[in-house]
There are 2 protein chains.
Amino acid sequence: MRMTPQRKLIIDILKSTKSHPDALWIYQNAIKKMPRMGLGTVYRTLEQLEREGEIKRIDFKGIAHYDANVNVHPHLLCSKCGKIVDISDSYDFDLRNFDLKGFKIESINLDIIGICPECQSKKGEN
Amino acid sequence: MRMTPQRKLIIDILKSTKSHPDALWIYQNAIKKMPRMGLGTVYRTLEQLEREGEIKRIDFKGIAHYDANVNVHPHLLCSKCGKIVDISDSYDFDLRNFDLKGFKIESINLDIIGICPECQSKKGEN
DNA sequence: GTACATGCAAAATTTTTGCAAAACA
DNA sequence: TGTTTTGCAAAAATTTTGCATGTAC
């Protein structure tokens with residue numbers, strides 16, 4: 001995989017945010033600097049980066065979000081607004097306690113799902 | 001929410017399998033017993049059951065899977081074929097170690113992602 | 001009768017793909 | 001030149017929604 005300007009921009013955008021963005025958000029930010037970039041390029045690049053272990057994918061509410069921090073670390077996810085927040089930068093989850101049934105492990109997602117403070121105060125809107 | 005025949009059937013199907021099926025699989029099995037059931041009903045019912053805490057949703061590879069076991073328990077997920085396998089029926093994940101940032105916790109997903117033994121032996125196909 | 005749930009089809013959303021043109025080695 | 005990547009548009013896949021009809025209390 002070549003390091004193209006498109007790929008570099010996508011990595012930069014992901015590394016510069018802690019918001020765990022989805023492909024559309026990355027695309028919308030990317031075209032501010034490269035107006036002709038296509039959404040397909042964003043999807044293809046994110047998929048490649050994930051396969052290479054450069055970034056981590058978080059599936060939530062039917063949308064793929066991406067994280068430049070590939071350490072194992074737990075996330076808080078809001079089931080109302082879909083927001084994803086880091087709890088810490090790393091967490092030691094000891095796989096030796098488990099029977100991994102022959103799986104070759106690639107990554108671990110620790111997702112703690114709940115309602116964020118903002119959505120708790122907006123109760124009337126539901 | 002009323003306990004309709006459709007809802008009962010969907011719960012029965014989900015409780016009778018350990019395969020963590022998606023909406024389409026549940027629908028295809030449901031119409032064997034209720035041929036006129038609509039896919040929309042399956043989606044609506046699964047969403048309601050999840051909101052009520054009766055079942056658990058697992059987002060993986062862009063598809064929503066469902067689990068009748070609502071205990072916190074880790075899953076093995078195959079990044080090639082999408083298969084989801086239980087490691088154990090329950091696991092004590094102690095939230096007291098974390099700063100939950102005001103989130104009201106609803107559920108926890110422990111997802112261990114890797115390549116299953118079957119897909120490891122099918123290397124040529126990629 | 002009223003309120004809620006369903007079936008069906010259409011629409012919306014997210015993601016993938018085909019292909020010609022462009023960029024790079 | 002040959003290979004890889006991009007942009008663009010179309011298509012695919014999954015999920016949601018509107019609405020008329022049906023069902024239950």
Side-chain angles (χ1 to χ4, degrees), chain A residues 1-14 19-52 54-67 77 79-84 126, chain B residues 1-14 19-52 54-66 77 79-84 125-126:
Chain A
M1 180 74 198
R2 227 177 256 152
M3 179 55 71
T4 64
Q6 290 86 345
R7 183 174 158 116
K8 187 166 180 340
L9 177 55
I10 289 170
I11 294 172
D12 284 352
I13 288 173
L14 249 187
S19 71
H20 310 84
D22 59 14
L24 184 60
W25 189 95
I26 293 167
Y27 167 72
Q28 288 167 336
N29 280 272
I31 57 175
K32 291 175 187 168
K33 298 209 171 163
M34 291 187 61
R36 314 202 54 91
M37 187 183 301
L39 185 52
T41 299
V42 175
Y43 275 102
R44 270 184 296 232
T45 304
L46 290 170
E47 199 221 312
Q48 289 158 349
L49 290 169
E50 197 218 347
R51 226 177 18 227
E52 294 164 12
E54 294 294 311
I55 63 175
K56 211 170 143 150
R57 172 175 168 149
I58 306 158
D59 278 275
F60 186 49
K61 285 168 139 291
I63 299 174
H65 297 257
Y66 293 90
D67 193 341
L77 301 89
S79 60
K80 296 276 184 219
C81 68
K83 180 195 307 166
I84 301 177
N126 301 313
Chain B
M1 182 73 195
R2 228 177 256 153
M3 180 54 71
T4 64
Q6 289 86 345
R7 182 173 158 116
K8 188 166 181 335
L9 178 54
I10 289 171
I11 294 172
D12 284 350
I13 287 173
L14 209 42
S19 71
H20 311 84
D22 61 13
L24 184 60
W25 188 96
I26 294 167
Y27 167 71
Q28 288 167 338
N29 281 271
I31 57 175
K32 292 175 188 168
K33 298 209 170 162
M34 291 186 61
R36 312 202 53 90
M37 188 184 301
L39 185 53
T41 300
V42 175
Y43 275 102
R44 268 183 298 233
T45 304
L46 290 170
E47 197 221 313
Q48 289 158 349
L49 289 169
E50 197 218 346
R51 226 175 20 225
E52 294 163 12
E54 295 293 312
I55 64 175
K56 210 170 144 146
R57 173 176 168 149
I58 305 158
D59 278 276
F60 186 49
K61 285 167 140 291
I63 300 175
H65 296 257
Y66 293 90
L77 302 88
S79 61
K80 295 274 184 222
C81 68
K83 180 195 307 166
I84 301 178
E125 293 172 26
N126 298 315

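Quick note on labels: first sequence line is chain A, next is B, and so on, each numbered from 1.
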Nearest-Å distance for atom pair CD1/P, residues B/Ile31 and C/dT6: 16 Å

Beyond-backbone contact of A/Lys8 with A/Met3, side-chain heavy atoms, under 4.5 angstrom: yes

Sequence-aligned protein contact record of nucleotides 10-25 of chain C, with B where the base is within under 4.0 Å of a protein heavy atom and S where only the sugar-phosphate is: ----SBBBB-----B-

Rounded distance (Å) that lies between atom C1' of C/dC4 and atom CE of B/Met3: 15 Å

Test side-chain hydrogen bond (donor to acceptor under 3.5 Å, both in side chains) applied to A/Asp67 and A/His20, A/Lys56, A/Arg57, the passing residue: A/His20

Separation between CG of A/Asp12 and NZ of A/Lys33, rounded to the nearest 0.5 Å: 7.5 Å

Heavy-atom check, side chain of A/Leu77 versus side chain of A/Ile58, under 4.5 Å: yes

Euclidean distance, atom CD1 of residue A/Ile10 to atom P of D/dT5 [Å, nearest integer]: 13 Å

Separation of A/Leu9 CG from A/Met37 CE (nearest 0.5 Å): 4.5 Å

Side-chain touch A/Glu50/A/Leu46, heavy atoms, less than 4.5 angstrom: no

Separation of atom CE in B/Met37 from atom P in D/dG22, rounded to whole Å: 18 Å

Phosphate contact (C/dG7 OP1 or OP2) by B/Gln6 side-chain N/O below 4.0 Å: yes

